[in-house]
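First up is the structure itself, then whatever we jot down about it.
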Amino acid sequence: MEAPKKKIAVMTSGGDSPGMNAVVRAVVRTAIHLGCDAFCVYEGYEGLVKGGDLIRQMGWAEVRGYLSEGGTLIGTARCMAFYERPGRLTAAKNMVLNGIDALIICGGDGSLTGADKFRGEWPSLLEELVSTGQLTADQVKPYQHLNIVGLVGSIDNDLSGTDATIGCYSALSRICEMVDYIEATASSHSRAFVIEVMGRHCGWLALLAGVATGADFVFIPERPVSECWHEEMCAVVKRHRSFGKRKTIVIVAEGANDKDGNKISPEQIKDLLADKSEGGLALDTRITTLGHVQRGGTAVAYDRMLGTLQGVEAVKAVLEATPETETCFIAINENKIVRKPLMKAVAETKSVVQAVEAKQFDKAMSLRDTEFSDQYKSYLTTTNVKTDEHKLPEKERMKIGFINVGAPAGGMNAAVRAAVAYCFSRGHTPMAIHNGFAGFARHHDDKPVGAVREFDWLEVDGWASKGGSEIGTNRELPSESGMEHVASLIAKYEFDALFMVGGFEAFHALSQLRIARGQFPALRIPMVLLPATISNNVPGTEYSLGSDTCLNELVQYCDKIKQSASATRRRVFVIETQGGRSGYIATLAGLAVGASAVYIPEEGISLGMLNTDVTHLKKVFAEDTGQSRAGRLILINEKASSVYDAKLIANIIRDEAHGRFESRESIPGHVQQGGVPSPMDRCRAVRHAIKCMEHLQGYGKKSAAGSTDALSTSVIGIKGSELVFTAVQELEEHGTDWPNRRPKQSEWLRMRDIVDVLGGRPQHARPE
Ligand code: ATP
């Protein structure tokens, strides 16, 4: 006899956060795909306690369009009844009556604490339900163990053990968007702005917003300022103004306190900045409290991806759990989705709050993850430019060349800015090489102007949020510019190290420089590459700067296109994405918008695939009774096939549809390179650039290891759960698919199945 189908329920609880809908969609569809029944509990624990219509079985089509909606479509609530045992008893009864085997909860630490309590009490709740005659022993028999998995949905990013919570990057994006707007007016009027952001116990939003926007000062709960914070802040602001800066931005988390636990209010900060007495700053100062806009709006690409991947993982965790399995939650560390013990994370989260309350601030910082402390260091580096505090002795100071290679990508300028700030703070000399190797090579002794020059901090300081490449970038390789000439210029300028930011060409350039070291001694200096390209095709990393900005642009574009079909409903859009021979952005955008099919160069396109997909679309439209609100999308990478392009595929679909539905192609083109870089790209740019500088500095001036050590020519990158440097030689030999200009192996390829399953694509559409 077949085992009864498992019934898996999903609910959202606590404060809403963008990306919760992606979770619901992923759980519902993955559960159905794996042969289970999917349920939604509406209105959080309130729904579990009240039961009835608030616990509903969900069909595949009912979660259509969920990805592009903000908030949570199944509702959330703060439920007082669930804090008490009688409430949880009724909830248990409703679970059994609905036959629910497992519960996936997406919420903050309160919701997850409640979930664990529920699970702990479960056997006694069942006993009570039987002993009080509310249920029979037979009724409760199949439900002896409650299976619970947590997902962290919160804009605050306040849970220990995970680098990001679902929703935090959307909130950060909204904050940075607002700060970017405010900056323009601040600069015009030479004003100061105090911006209050959410975060009662966690300063992640305030800190990261500070790093992403290049704010002058940040107040966070974990690292309160000393008793003399008034003097400290004024000194920093004064110093920045003395460089010629026309705007002052101070970001304050709502839970910011001083070291004695006294609240620091935006008004206090404003009064200080506006102080007209002698020695006061006398700045025209305004306060902006961002409030609930931070929660609002649709989810950014990253939160859709995180919600989706974690939702899928949660269903797998539920199905693999045994009565002995500890309750887990799904976390992300750097780029890796992992299961972790729930209660340990909740306990650690609580201890951060307790440590802050007990004024153990070092402990509070150490309990946050490494990204948090790295970013705190980033903030200090970029705001303490040109102080003598961290300067190295004269003989250890280096002259470092900065060069951008390849197409522009979001975050390049933020990376350069942070690295320049680091150099100034340590006493190194950062030198801009303009317009890549082509620009460098155009340098002739009779016309040296412009190609290479020392950075000016006032100019660079404004680059935190700028798109493009301010120092100019170019695709030309050193071999094309003339390796001997490049080497002679490196010798002429006496560079002690080279910092490169760019895509696959930059990787290729670095490889050429490494190989040419044998011939040209001037190249025997440490060199490091920080990958930046929307194609995300640099060997040695799973993430390149700019790829997040690009995904956000694509996702917004696709949302609009999809919506445009809402009047006719019966339309398929075939959208061509960039990405060179890497299908990364097509696949990830497909994941974030719910594409019906994604075509990538790694797989190519066959007649059989097209046939299967077109046949499937015909079936979908034939069965669509009109409840779906928007059109359907197919994404195709620009180099997926030498025969089929977006236009041809759209024509084939239209022809096959025989008037039953429409098909159009659409090419977003260079929009994908993005305007303003995303906060994720900006923040990672800063963190990774500072790591690169530390790495270069580690070799010191003219040390032998600077050319003999394998890592003296390396790429920084995220690999799984780590941020590491990898030797270029190793990547050249073992990690690079040279003809296709991409890594030999790409982690993201594993996501193709999820895109297909959740998009409802037939399993046999793609080649094995
Ligand atoms: P946010 O981070 O947005 O505050 P949260 O999940 O921490 O989200 P809470 O209001 O703390 O939000 O919790 C949501 C709901 O979870 C509560 O209304 C309550 O029903 C349940 N809950 C929270 N803590 C507990 C607990 N200790 N015991 C039982 N239920 C709880």
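When a ligand or atom number is given, it counts from 1 through the structure's own listing order. All values below were derived from every heavy atom in this structure, side-chain atoms included, with hydrogens, water molecules and symmetry-related copies excluded. This structure is a prediction, so every number in the text was calculated from the model and none was measured.
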| query | Between K340 and T162, is any side-chain donor less than 3.5 angstrom from a side-chain acceptor? | reply | no
| In order of chain and number, which residues sit within 4.0 Å of ligand 1 by heavy atom? | S13, G14, G15, Y45, R78, C79, F82, Y83, R88, G108, D109, G110, S111, T113, G114, K117
| Taking the side chain from R682 and the backbone from V211, do they hold a donor-acceptor pair closer than 3.5 Å? | no
| said: Taking V593's backbone N and O only, do any of them form a donor-acceptor pair with K562's side chain (distance below 3.5 Å, no angle check)? | reply: yes
| Judged by modelled atom types alone, do D16 and T72 share a side-chain donor-acceptor pair under 3.5 Å? | no
| note | Sorted by chain and residue number, the ring-ring contact (aromatic ring centres under 6.0 Å, His included) partners of Y45 (sequence neighbours excluded) come out as F82
| query | For the ring pair W122 and Y143, is the centre-to-centre distance below 6.0 Å? | reply | no
